[in-house]
Amino acid sequence: MSNGNGSHFDKATDCRFGPGSMAMVAQRVAGHHSKVARPTQFPWFCRTEWAVLLCVFYPLLAIAPLVILAALDPDNRHPTATGLGINCALVGFTLLSIQFVLTARLQWIEAPFGLDLLLRFHRSMALVIVALLCVHPLLIAGGESWTLLTRLHTRWHIWAGRVALILLGAQVTAAVLRGAMRLSYEKWRRAHAAVALVVLAAGFVHGLMAGDDLNDAGARTVLAAVPAIALAVWIYTRAIRPRLLARRAFRVSSVRFESSRACTLTLSAPDGRPFHFSPGQFQFLRLLNSAVPAQEHPFTIASSPERTDRISLTIKDCGDFTRVIDKIRVGDMATVHGPFGRFSYDLHPDEGDLVFVAGGVGITPFMSMLRAMRDRGESRYVTLIYASRAMDDILFAAELAAMEVGQWPALKVIFVLSTPPAWWTGETGRVDGNRLGEWCRGLDDKVFYLCCPSRMTVELIRQLRQKRVNPRRIHCDYFSL
Ligand SMILES: Cc1cc2nc3c(=O)[nH]c(=O)nc-3n(C[C@H](O)[C@H](O)[C@H](O)COP(=O)(O)OP(=O)(O)OC[C@H]3O[C@@H](n4cnc5c(N)ncnc54)[C@H](O)[C@@H]3O)c2cc1C
């Protein structure tokens, strides 16, 4: 099953996006749906081989400082428990430094996996790091003296290590309990980045001062190189990249209300620079010098990838930032960082009939995919199940109706309302596996793309799996990272 922005759990598949990838699409009709011939030139970092290399490289990188330090000091004098404790700290600290790289939204690392999968991996590794760094003092105390854990009057660098560990624990706890603690995402994210840097610095100082076998300049250089890379990435992502993106800022060329709670922003690069993406991908938007806060938020690109001169984002108000989007004006400037994500039919050119299930504003990736099929002249069979609460929540109704009667794609739209008006004769209630089967005339050989509220997605996946739909035929985008 592929998950959140379309990344596969079970394998890193090949990637089908990149500059020029859309322009060269040719159509070949086989049976009732088109096979699309795609260009063979993709950025090197989209290749499966690169994904495999990254997966192999990660554990090697994690133990590299350990191996180098062992090679520099072959006559290790530490007792077994102490030596093991030091090794745990070294690997934990290296993994901690790599965490900065994983979260830096570097496209050459994100592309083969999808950002959501990468961030999930980052969260899992945080638990591994905490475990390794907690085992470190326990093993050393076990090998030397248990008072190392309890003594208050001790050297300052021991306290640096303790502070790093306490802050790391607090960091992980806050990340896990953010929702339950009702922490504002923006405040949490700022604190997370700042505390991460303090943990890195305190951990480094502790390691440098407490490591009595680090007298050698080579060993110290190895230990310093690890956080130096993390620090460089931190500075790049927080200080350099925002400035580079601001220099290439996009201009808001139109603001259109789709409903009382959703509006579409169209953005274009003032110098006409093209923006290439695959349909279904998203980007991070930050308004500059606008009446809305200059926060970065992820939004799906809803427009067709065939129009590279502009992108459109349809945003629904559901929080403190999205509530003020009506303050955005034509002429406002914004940075666009992306594209990211793997929730795209472009990545799976051999799939058959498609079933798109959209809930609310989850229609946006499907609009991009349907618009792409229309503009490319792809005659695929697509059933769109579009669940909304009320009539006013249905977006793009006229455009979808036009696509239904148009030639490309072969589209059938089923609107489902949970609170319909009295005159509504269409579908109502909840979408479930049985009804999906009825609407698409069977589940066999269909491929499902889900972008709905998370509870609905989880429930649909469970029901589709019960009906023996292969997980490889289910892709989902949760709209959360
Ligand atoms: C891949 C992806 C695609 C999305 N596409 C669309 C779209 O096309 N249209 C649309 O209306 N919404 C989309 N969203 C959701 C949108 O990003 C959130 O609704 C918005 O960020 C909420 O911000 P807020 O301050 O208004 O609400 P808040 O109440 O502050 O946040 C609500 C929740 O949104 C998430 N969130 C908030 N800020 C961020 C951030 N900077 N980065 C990541 N997550 C954040 C957090 O989980 C938070 O708990 C998408 C989200 C993702 C992850």
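Counting starts at 1 for both ligands and their atoms, in listed order.
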Anything under 30° is parallel, anything over 60° is perpendicular, the rest tilted; go ahead and classify [X] against [Y].
{"X": "H337", "Y": "F340", "result": "perpendicular"}
{"X": "F284", "Y": "F282", "result": "perpendicular"}
{"X": "Y449", "Y": "F356", "result": "perpendicular"}

Query raised in the report: With distance as the sole test, does T300 use its side chain to make a donor-acceptor pair with the main-chain N or O of P365 at under 3.5 Å?
Result: no
Does any N or O atom in [X] lie less than 3.5 angstrom from one in ligand 1, N or O only?
{"X": "E296", "answer": "yes"}
{"X": "R323", "answer": "no"}
{"X": "F321", "answer": "yes"}
{"X": "T314", "answer": "yes"}
{"X": "K316", "answer": "yes"}
{"X": "P298", "answer": "yes"}
{"X": "D477", "answer": "no"}

Ligand 1 versus [X]: contacting region, heavy-atom distance under 4.0 Å:
{"X": "F479", "value": "both"}
{"X": "T364", "value": "side chain"}
{"X": "D320", "value": "both"}

Query raised in the report: So between K187, M367, R182, H297, whose heavy atom ends up nearest atom 21 (O) of ligand 1?
Result: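 That would be H297.
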Report task. May I ask you to check if R374 and W408 form a cation-pi contact, with NZ or CZ under 6.0 angstrom from the six-membered ring centre and within 45° of the axis? Result ->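 No, R374 does not lie over the aromatic ring of W408.
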Requested in this report: Carefully, step by step, assess H475 and Y345 under the rule side chain to side chain contact (heavy atoms under 4.5 Å, CB included).
Outcome: CA-CA 9 Å; H475 309 279; Y345 81 103; over 6 Å; no
So if I count the atoms of ligand 1 from 1 in the order they appear, which ones are less than 4.0 Å from some heavy atom of [X]?
{"X": "F299", "value": "4 (C), 5 (N), 6 (C), 7 (C), 9 (N), 10 (C), 12 (N), 13 (C), 16 (C)"}
{"X": "C318", "value": "19 (O)"}
{"X": "E186", "value": "41 (N)"}
{"X": "S480", "value": "53 (C)"}
{"X": "L481", "value": "53 (C)"}

Query raised in the report: Is there any salt bridge (charged side-chain N to carboxylate O under 4.0 Å, His left out) pair reaching into residues 233-244, and which pairs are they, with sequence neighbours excluded?
Result: none
Query - Candidate pair R435 and E427, rule salt bridge (Lys or Arg N to Asp or Glu O under 4.0 Å), full reasoning - result: CA-CA 10 Å; R435 298 181 85 192; E427 299 289 345; 2.9 Å; yes
Query raised in the report: For ligand 1, is R178 a contact, meaning one of its heavy atoms is under 4.0 Å away?
Result: yes
Please report, to 0.1 Å, the donor-acceptor pairs under 3.5 Å made by any side chain of residues 100-108, with sequence neighbours excluded.
residue, atom, partner, partner atom, Å
T103, OG1, Q99, O, 3.0
T103, OG1, F100, O, 3.4
R105, NH1, E296, OE1, 3.1
R105, NH1, E296, OE2, 3.4
R105, NH2, E296, OE1, 3.3
Q107, NE2, G338, O, 3.1
Q107, NE2, P339, O, 3.0

Query raised in the report: Would R251 and V330 count as a side chain to side chain contact (heavy atoms under 4.5 Å, CB included) if you check the C-alpha gap in whole Å, the side-chain angles of each, and the deciding distance to 0.1 Å?
Result: CA-CA 8 Å; R251 181 179 173 277; V330 169; 3.9 Å; yes
Report task. With the side chain counted from C-beta on, respond yes when I385 and F415 share a heavy-atom pair under 4.5 Å apart, and no when they do not. Result ->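 No, every pair of side-chain atoms sits at 4.5 Å or beyond.
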